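Along the sequence shown, the residues carry numbers beginning at 1. This one's a predicted model, so the numbers in the text were calculated from it and none came from an experiment.
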Amino acid sequence: EAKRNREDVRHRCETLVGCCVEFLLLLEEDVEKLPFRVSSVNLANGQSNDQVTRGADELVATLSTLHVFCRASPTLLSSHFETLLPYLKAANHVPNSTEAYICEIVAQICSKTLPLVDRTRQDKVLLRGAAEDLKRLTYKFGKPTVHAAVECLAVLSTHSGMRSVSSCTPSTSSLDPECIEIDLARQFYKVLRDRVGKTDFQGKDLAFVQRGLTVLGAICRYHRSQSS
């Protein structure tokens with residue numbers, strides 16, 4: 001009886017996750033097809049609503065719901081992994097703080113689900129693109145999103161079967177997720193070295209240093225060596 005109940009609960013959860021993913025696709029394709037009115041974002045900077053994704057609240061709520069399911073059981077999201085990757089491009093046309101949150105929770109979902117995805121079903125070109133998207137997030141958003149992006153990049157570098165070069169050099173840095181991660185560390189170390197050594201250290205330099213320390217700290221925390 002208990003086993004049957006667990007199977008029933010899991011089936012219901014899978015159904016709910018499938019419905020959420022289908023709803024995301026509908027939001028992306030045509031909100032006019034939805035059976036209810038969706039929200040639109042009003043921006044103080046004068047942007048018109050057609051410049052901003054309608055259904056922004058629904059998008060965030062749906063992704064947040066999927067995140068809850070993923071934390072409870074990552075396998076529920078494993079078959080939808082590639083559907084969520086495009087959200088890492090930060091091109092959802094929502095306010096910056098909302099964009100950062102979307103990228104943060106999608107990166108967290110991908111970190112948990114990627115190791116569960118059958119490597120024979122993975123699109124390597126798509127995953128390399130995702131690695132580049134994660135790299136760009138470290139330059140664009142704040143600490144929570146940076147940590148989520150670096151953790152996902154670390155998982156991607158060791159669990160995706162993507163190792164394609166024997167060593168990381170400037171010419172191979174875009175071919176391999178771990179090389180992207182190492183290249184990221186090099187770039188932000190250079191930022192720290194150049195800024196801290198300045199004699200006329202200013203406020204904008206402090207912002208660069210703070211971001212550099214945040215990214216390098218996250219890399220030290222989440223990096224997973226292929227040899228380990």
Side-chain angles (χ1 to χ4, degrees), residues 63 67 70-71 74 81 84-92 95-115 124 126-228:
L63 288 171
H67 186 221
C70 183
R71 290 173 61 187
F81 170 76
L84 298 175
L85 287 181
Y87 293 99
L88 293 175
K89 294 186 178 298
N92 299 296
N96 199 56
S97 59
T98 303
E99 196 78 81
Y101 179 70
I102 288 173
C103 293
E104 177 190 348
I105 59 176
V106 171
Q108 290 173 348
I109 291 173
C110 292
S111 293
K112 292 182 180 297
T113 56
L114 178 59
K124 291 186 178 182
L126 185 64
L127 292 178
R128 288 194 183 100
E132 288 289 350
D133 292 336
L134 291 165
K135 177 182 177 180
R136 282 190 285 269
L137 295 181
T138 64
Y139 289 91
K140 189 170 184 178
F141 298 120
K143 182 177 179 179
T145 309
V146 167
H147 272 259
V150 171
E151 181 180 15
C152 189
L153 186 57
V155 173
L156 184 61
S157 69
T158 55
H159 289 282
S160 64
M162 296 266 299
R163 191 67 178 170
S164 56
V165 295
S166 58
S167 61
C168 296
T169 65
S171 62
T172 63
S173 62
S174 64
L175 300 177
D176 183 279
E178 186 174 16
C179 291
I180 291 175
E181 187 183 1
I182 292 173
D183 183 57
L184 191 65
R186 288 171 177 158
Q187 290 182 30
F188 276 100
Y189 175 75
K190 184 177 185 301
V191 168
L192 287 180
R193 186 184 60 189
D194 293 345
R195 298 284 171 170
V196 172
K198 291 181 64 175
T199 56
D200 56 339
F201 194 83
Q202 300 176 1
K204 63 179 181 180
D205 297 307
L206 178 60
F208 280 107
V209 169
Q210 288 176 331
R211 181 170 294 276
L213 290 172
T214 297
V215 174
L216 289 174
I219 291 173
C220 290
R221 178 177 179 180
Y222 299 114
H223 178 70
R224 308 176 183 191
S225 174
Q226 286 280 353
S227 60
S228 61

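- Rounded to the nearest 0.5 Å, atoms OH (Tyr222) and OG (Ser111) are 8.5 Å apart.
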Pair Leu184, Leu216 - check side-chain contact (heavy atoms from CB on, under 4.5 Å), show working. CA-CA 8 Å; Leu184 191 65; Leu216 289 174; over 6 Å; no
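- The distance from atom CD1 of Ile105 to atom CG of Leu63, rounded to the nearest 0.5 Å, is 4.5 Å.
- Note: His223 NE2 to Thr158 OG1 = 9.0 Å, rounded to the nearest 0.5 Å.
- Side-chain contact between Arg128 and Ile180: absent, with no pair of heavy atoms (C-beta onward) separated by less than 4.5 Å.
- The main-chain N or O of Thr138 is found under 3.5 Å from a side-chain atom of Arg211 such that the two form a donor-acceptor pair.
- Closest non-hydrogen pair, Ala107 versus Leu88, comes out as N-CD2, 3.8 Å.
- Arg136 is linked by a side chain to side chain contact (heavy atoms under 4.5 Å, CB included) to Glu132, Asp133, counting only residues two or more places apart in sequence or in another chain.
- To the nearest 0.5 Å, atoms SG (Cys70) and NZ (Lys112) are separated by 6.5 Å.
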Take Leu85 and Leu127, measure what side-chain contact (heavy atoms from CB on, under 4.5 Å) needs, and give me the verdict at the end. CA-CA 8 Å; Leu85 287 181; Leu127 292 178; 4.0 Å; yes
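- You'll find the ring centres of Phe141 and Tyr101 outside the 6.0 Å limit.
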Stepwise side-chain contact (heavy atoms from CB on, under 4.5 Å) check, Tyr139 with Gln187: CA-CA 11 Å; Tyr139 289 91; Gln187 290 182 30; 2.2 Å; yes
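- Using a 4.5 Å cut-off on side-chain heavy atoms (C-beta onward), Val150 and Arg221 make no contact.
- For the residue pair Glu99 / Tyr87, no side-chain donor-acceptor distance below 3.5 Å is found, with atom types taken as modelled.
- To the nearest 0.5 Å, atom CG of residue Leu84 and atom OG1 of residue Thr113 are 7.0 Å apart.
- Side-chain contact between Val146 and Glu104 is absent, with no heavy atoms from C-beta onward closer than 4.5 Å.
- Other residues, nucleotides and ligands place no more than 12 heavy atoms under 6.0 Å from the OH atom of Tyr189.
- Considering CD of Glu181 and SG of Cys152, their distance stands at 11.0 Å, rounded to 0.5 Å.
- Of all heavy-atom pairs spanning Val215 and Phe188, the tightest one is CG1-CD1, 3.5 Å.
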The test is side-chain contact (heavy atoms from CB on, under 4.5 Å); show your working for Thr145 and Lys140 and say whether it passes. CA-CA 9 Å; Thr145 309; Lys140 189 170 184 178; over 6 Å; no
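- Residues passing the side-chain hydrogen bond (donor to acceptor under 3.5 Å, both in side chains) test with Lys143, sequence neighbours excluded: none.
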